[in-house]
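Below, read A as the first sequence line, B as the second, and so on, with proteins coming before strands; counting in each chain starts at 1. Note that the structure is predicted; figures quoted are calculated from it, not measured.
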Amino acid sequence: MSSKILPGTCAAQVVSTAALPPEIHPLPGLPTPATPPMPVPLATILGQGVGASTGIVIFDGINAFYIPDISGDLKTTLEQVVAALTQVKTALDQIGSAFTTIDGKPTGGTGSAVVPTVTANVTAISTAGTAVETAKTALNTLKGALK
Amino acid sequence: VRVVVRHGHFAFYPHSKTEILHFRRLFKIMLYPQDDYFTFYGLLNLPRWSQVGRPFGTTPALVNFAGDHPSDVMRANGFVYSMQTTLIVPAATYAAFSINFAQGRDFFHSPKMLIQPGCVYAVGNVPRGILAGYTGELDVNEQRTYLSSVESML
């Protein structure tokens with residue numbers, strides 16, 4: 001059994017084929033008009049189908065399948081994960097720096113080491129934590145709108 | 001001319017080039033080459049797939065389907081080629097028409113040379129069903145058609 005593959009789209013779980021140009025007929029007279037985008041009822045969506053997407057529609061026998069192009073999802077996910085890991089790295093660096101400062105063990109008195117302060121480090125750690133939270137929220141949003 | 005009608009789709013296999021000319025003179029209908037056979041204009045270059053609502057030929061398809069031959073698509077959609085309108089139409093268009101084949105020793109004899117698929121058919125006045133297709137020999141000299149097999153719609 002042969003199959004037919006066409007460009008398609010999916011929005012709100014509704015699969016459609018893209019518009020097709022008119023076909024060239026070897027003999028004049030037979031109408032072969034261009035066809036607009038048309039829904040594909042009962043198509044099986046091989047993805048989440050929540051977010052709007054482009055992809056391909058496969059007709060195989062009496063079955064129809066839609067495969068979304070999820071490379072955008074994957075790229076965005078990876079970018080968010082990289083951003084989160086970068087912030088975690090920043091936070092860990094700040095924690096390490098703070099511990100180093102604390103480890104200065106001030107003795108007080110004239111000529112002794114300066115009393116350490118970690119306020120700046122704590123602020124930077126908090127900022128990194130907020131950025132990680134932001135990345136997590138973005139990932140959760142993406143999870144709810146996967147193609 | 002060997003005639004093979006599958007699911008309302010006509011394919012003619014001439015034994016010689018002159019048979020096509022005889023066919024044209026006899027029926028006043030042109031046949032056009034397609035793959036390894038000849039067929040009617042309205043059956044040229046039909047797709048092997050259909051999508052609900054998208055024109056198959058000129059008729060909006062009823063089902064999503066992909067097959068190996070346009071006749072597969074016609075079967076899936078319940079379509080037949082109409083020799084009367086030269087269009088692809090629902091088989092039910094011809095449900096009110098009937099034809100009765102005579103049972104020969106090795107063949108069925110048809111009262112018509114070209115038989116419209118979709119009509120109700122009988123063999124020796126015994127109803128058989130709705131005609132989906134047939135295979136036979138259309139003798140343009142004798143002007144008779146001998147059918148080796150007939151096929152009902154499921």
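- A/Asp93 pairs by the salt bridge (charged side-chain N to carboxylate O under 4.0 Å, His left out) definition with A/Lys89, not counting sequence neighbours.
- Contact of A/Leu6 with chain B is made through the side chain alone, with heavy-atom distances under 4.5 Å.
- Chain B forms more heavy-atom pairs under 4.5 Å with one residue of A/Pro41, A/Ala64, A/Pro36 than with any other, namely A/Pro41.
- Applying the side chain to side chain contact (heavy atoms under 4.5 Å, CB included) test between B/Met113 and each of B/Val1, B/Leu26, B/Val3, B/Asp139 identifies B/Leu26 as the sole match.
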task: Before giving the answer on ring pair (Phe, Tyr, Trp, His ring centres under 6.0 Å), spell out for B/Tyr37 and B/Phe10 the whole-Å C-alpha distance, their side-chain angles and the decisive distance to 0.1 Å.
output: CA-CA 9 Å; B/Tyr37 57 87; B/Phe10 288 79; over 10 Å; no
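- No part of B/Val63 comes within reach of chain A, as not one of its non-hydrogen atoms sits under 4.5 angstrom from that chain.
- Contact annotation for B/Arg48: neither backbone nor side-chain heavy atoms come within less than 4.5 Å of a heavy atom of chain A.
- In this structure, B/Pro117 and B/Tyr81 have side chains that are not in contact, with every pair of non-hydrogen atoms separated by 4.5 Å or more.
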